[in-house]
Colleague: 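The structure is given below, and queries will be raised subsequently.
The figures that follow rest on heavy atoms only: side chains count, while hydrogens, waters and symmetry mates do not. Quick note on labels: first sequence line is chain A, next is B, and so on, each numbered from 1.
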There are 2 protein chains.
Amino acid sequence: MANEKVTSNDVARLAGVSQSAVSRFFTPGTSVSKRTAEKIKAAAEQLGYRPNVLARSLITGKSRIIGLVVAYLENYFYPDVVERLSRSLQDQGYHVLVFISSLAADKVEEITQEILDYQVDGIVLASANMSSELAARCHASGVPIVLFNRLQDDERLSAVTSDNLGGGRLLACHLIETGRRKLAYIAGFEGASTQRDRERGFLEGLAEGGLRLFARDVGNFRYEEAQAAARRMFSGTERPDAVFVCNDHMAFAVMDVLRFELGLKIPHDVSVVGFDDVPPARWPAYDLTTIRQNVDDMVAETVNILLTAIEERDTPARRICLDGALVVRGSTASVDINS
Amino acid sequence: MANEKVTSNDVARLAGVSQSAVSRFFTPGTSVSKRTAEKIKAAAEQLGYRPNVLARSLITGKSRIIGLVVAYLENYFYPDVVERLSRSLQDQGYHVLVFISSLAADKVEEITQEILDYQVDGIVLASANMSSELAARCHASGVPIVLFNRLQDDERLSAVTSDNLGGGRLLACHLIETGRRKLAYIAGFEGASTQRDRERGFLEGLAEGGLRLFARDVGNFRYEEAQAAARRMFSGTERPDAVFVCNDHMAFAVMDVLRFELGLKIPHDVSVVGFDDVPPARWPAYDLTTIRQNVDDMVAETVNILLTAIEERDTPARRICLDGALVVRGSTASVDINS
DNA sequence: ACAAAAATTGCATACGTATGAAAGGCTAGG
DNA sequence: CCTAGCCTTTCATACGTATGCAATTTTTGT
């Protein structure tokens, strides 16, 4: 009801000190005498005063806001990222401003402008493509950027990823070791670096085993499109005996089609592997063999890069690539089942 | 590299006009002559100028930031909410600042303080409890609040919910109609209004059908705890023949235990129903009968309440309760299976 | 107890923008 | 051609805080 914005001046007046004293009291790293500190504390509590972050940011040049660009939260991987990233930044006194972008690249440009309008101290780009030109612009504005779970050619951009190449290779080896020979791949969105690298690693693994890719289709990271891809891929007479689906989210769709539409047994008739290790992957209904992305470490590295870049400018860009572990579950055959 | 913050003054100088002119050009609803508008536009583009939202908010008193408090994103329902809410607000020129809260109520207090520090124009509380005292404080600070998917006794708080009572009742009726008699319930977090109302509705539905609750346990909205509850509930010799799990997320856990640990057939041996209709509910692996919460409408109402309250203060609190539809799927038996 | 050094405090200004009031420029009506 | 009225523009100030500088107080060492 009563909309009394209480300012540092009000507190100062009540406490009988100057406004600067109040400001100093609330600014970490500055000193005030014990006596005035107590007077200010009492006055502030009485009035319910808290410093205005926005006004503060105007003068310090730091907003303590991190912009997060995400394209879609449909895939369980990203909510998890949002939660952990947000928690981690909160602990450091920062907060996350969310920007949902379309997959279209032109929208990303518009959105990045909006982000900069908010004077964010840093930007995390997850699941969004960014033109080099735009990257340059952000770089010029002095705002540190971290690409999360994707790579860009631009050397000036920091990035945190899992070892998608190695992961893809691990999966190929695992499938071959368990006796599979007709290996197929269902791709994500072709523009994504994760898609590209996972596929490349998979193909390398195949080549090392002396195999060629048996079939390929595209699911664009969407459940429904992955279903369609699975239908196409398994409708013929010559079926793959194993399929790597570019992420878990799509793998669930593929498994559902194989089991409930085509009546195939997993892993007896066909092995399925995914990537990410989102929570449903370990739920018994799916029990999916996959590569675990270490979200905790990825987030920690992201926060680390951002905060150091914020504190001392002109930090060189860093590229962090974290290992992912193969998690073997029931969706891939052990050898004896195969015999 | 070059960190040139370009201000309205820079633009004014280049365009040969006053700073106020530049400000007016960028403030919708104000008028500038065509001639100067063009000069300003050219200068602004040349310098890459964009108004500083934070500085603007200092003087207008509007930050165009909405604080969103969420406890956990584990349940698919909330990522969906975050995405739609964020999109919807973005379209209106607002943006979402995320605050992850623990389930503990004391943390919510701390977090709400932090929110207010950012001078948000409004707050959406999803999956978080808020003390009345705290609610009063927010109310006093003049910041409109909407409780999303929960209710509070405090009359001054606006809230948007589904008809949890009616939904619970619908489910009871559905289970009874399909021939089930030993109906059980697995509860969410006891402090949540959704939990309370869904259970109450369910019990009312039972009573109307002349039945009493057969068994009850608690899952606290968590996958693992719901698993444990299911194990306890179905370990005895006298088993329920149907169970309503307070939300879909927990229902998946229950289904997984019933099928893969206890070897029960759904719906032949036991029917399972949930609440929310999150995406996996319609995936064939679960194919869960549930109550659909209309997230789109809930979000639309939330945004509507917020924006009207922001525009004209002293808007009375509103409570919106939206109908949820029963979505019948394969996890409940049709009569003939039962015979 | 006194001077010097250190710590604290207040004053004034700046951050980047919006906006009321005043001044200037233009149009139109007689 | 003059003046009343309207549209533009500028001037000045305010938003709430942080901070360099100078003034003042306290502490320290001898």
Colleague: Report which part of the nucleic acid Y49(B) touches: base, sugar-phosphate, or nothing (heavy-atom distance under 4.0 Å, all strands).
Modeller: sugar-phosphate

Colleague: Would you please classify the geometry between the Y118(A) ring and the H95(B) ring as parallel, tilted or perpendicular, with 30° and 60° separating the classes?
Modeller: perpendicular

Colleague: Rounded to the nearest Å, what distance is computed from the CD1 atom of residue I40(B) to the P atom of nucleotide dT17(C)?
Modeller: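 Going from CD1 in I40(B) over to P in dT17(C) covers 13 Å.
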
Colleague: Find the distance R64(A):CZ to dA18(D):P and express it as a whole number of Å.
Modeller: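 Result: 12 Å.
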
Colleague: Expressed as a whole number of angstroms, how long is the span from N52(B):CG to dG16(D):P?
Modeller: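 To the nearest whole Å, that distance equals 16 Å.
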
Colleague: Is the ring pair Y76(A)/Y76(B) parallel, tilted or perpendicular, if the boundaries are 30 and 60 degrees?
Modeller: parallel

Colleague: Mind checking the OG1-CD spacing from T112(B) to E114(B)? Nearest 0.5 Å is all I need.
Modeller: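 T112(B) atom OG1 to E114(B) atom CD measures 9.0 Å (nearest 0.5 Å).
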
Colleague: Check the distance between dT27(D)'s P and K34(A)'s NZ and give it to me in whole angstrom.
Modeller: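 It is 12 Å, rounded to the nearest whole Å.
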
Colleague: With distance as the sole test, does S158(A) use its side chain to make a donor-acceptor pair with the main-chain N or O of R318(A) at under 3.5 Å?
Modeller: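 Here the side-chain-to-backbone pair exists.
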
Colleague: Side chains of V96(A) and F99(B), heavy atoms from C-beta outward: is any pair under 4.5 Å?
Modeller: no

Colleague: Under the 3.5 angstrom rule, does the side chain of Q90(A) hit a backbone N or O of I100(B) as a donor-acceptor pair?
Modeller: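 Pair found, side chain donor or acceptor close to backbone of I100(B).
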
Colleague: F25(B) CZ to dT9(D) P: how many Å, rounded?
Modeller: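 F25(B) atom CZ is separated from dT9(D) atom P by 12 Å.
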
Colleague: Going through the distances and angles, do L147(B) and T161(B) end up as a side-chain contact (heavy atoms from CB on, under 4.5 Å)?
Modeller: CA-CA 8 Å; L147(B) 301 181; T161(B) 60; over 6 Å; no

Colleague: Can you see if the side chain of S23(A) gets near the phosphate of dG16(D) - specifically, an N or O under 4.0 Å from OP1 or OP2?
Modeller: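 It does not, given that no N or O in the side chain of S23(A) lies less than 4.0 Å from OP1 or OP2 of dG16(D).
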
Colleague: Using modelled atom types and a 3.5 Å cut-off, is there a donor and acceptor pairing between side-chain atoms of S86(A) and backbone atoms of E83(A)?
Modeller: no

Colleague: Just the table, please: protein N/O against nucleotides 11-15 of chain C N/O, every pair under 3.5 Å.
Modeller:
residue, atom, partner, partner atom, Å
dC11(C), N4, S20(A), OG, 2.9

Colleague: Answer yes or no: does a side-chain N or O of Y118(B) lie under 4.0 Å from OP1 or OP2 of dG16(D)?
Modeller: no

Colleague: How would you label the contact of V22(B) with the nucleic acid (heavy atoms, under 4.0 Å): base, sugar-phosphate, or nothing?
Modeller: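 Touches nothing.
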
Colleague: OP1 or OP2 of dT9(D) less than 4.0 angstrom from a side-chain nitrogen or oxygen of T36(B), does that happen here?
Modeller: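 Yes, because at least one side-chain N or O of T36(B) sits under 4.0 Å from OP1 or OP2 of dT9(D).
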
Colleague: To the nearest angstrom, how far is K5(B) atom NZ from dT17(C) atom P?
Modeller: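 Rounded to the whole Å, the gap is 10 Å.
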
Colleague: Expressed in angstrom and rounded to an integer, what is the separation of R13(A) atom CZ from dT17(D) atom C1'?
Modeller: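 R13(A) atom CZ is separated from dT17(D) atom C1' by 15 Å.
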
Colleague: Rounded to the nearest Å, what distance is computed from the CG atom of residue L54(A) to the P atom of nucleotide dA18(D)?
Modeller: 12 Å

Colleague: dT9(C), dT19(D), dT19(C): which one has an atom nearest the side-chain heavy atoms of T60(B)?
Modeller: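 Output: dT19(C).
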
Colleague: If only atom types and distance count, is the side chain of R64(B) paired as donor or acceptor with the main-chain N or O of Q92(B) below 3.5 Å?
Modeller: yes

Colleague: For the residue pair F26(B) and Y49(B), categorise the inter-ring angle as parallel (less than 30°), tilted (30 to 60°) or perpendicular (more than 60°).
Modeller: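 Taking Y49(B) first and then F26(B), their aromatic rings stand perpendicular (interplane angle over 60°).
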
Colleague: Within the 4.0 Å heavy-atom criterion, would you say S33(A) contacts the bases, only the backbone, or no part of the nucleic acid?
Modeller: sugar-phosphate

Colleague: Over its full length, what angle do the end axes of the helix from dA1(C)-dT30(D) to dG30(C)-dC1(D) make, each axis taken from five pairs and the result rounded to 10 degrees?
Modeller: 30°

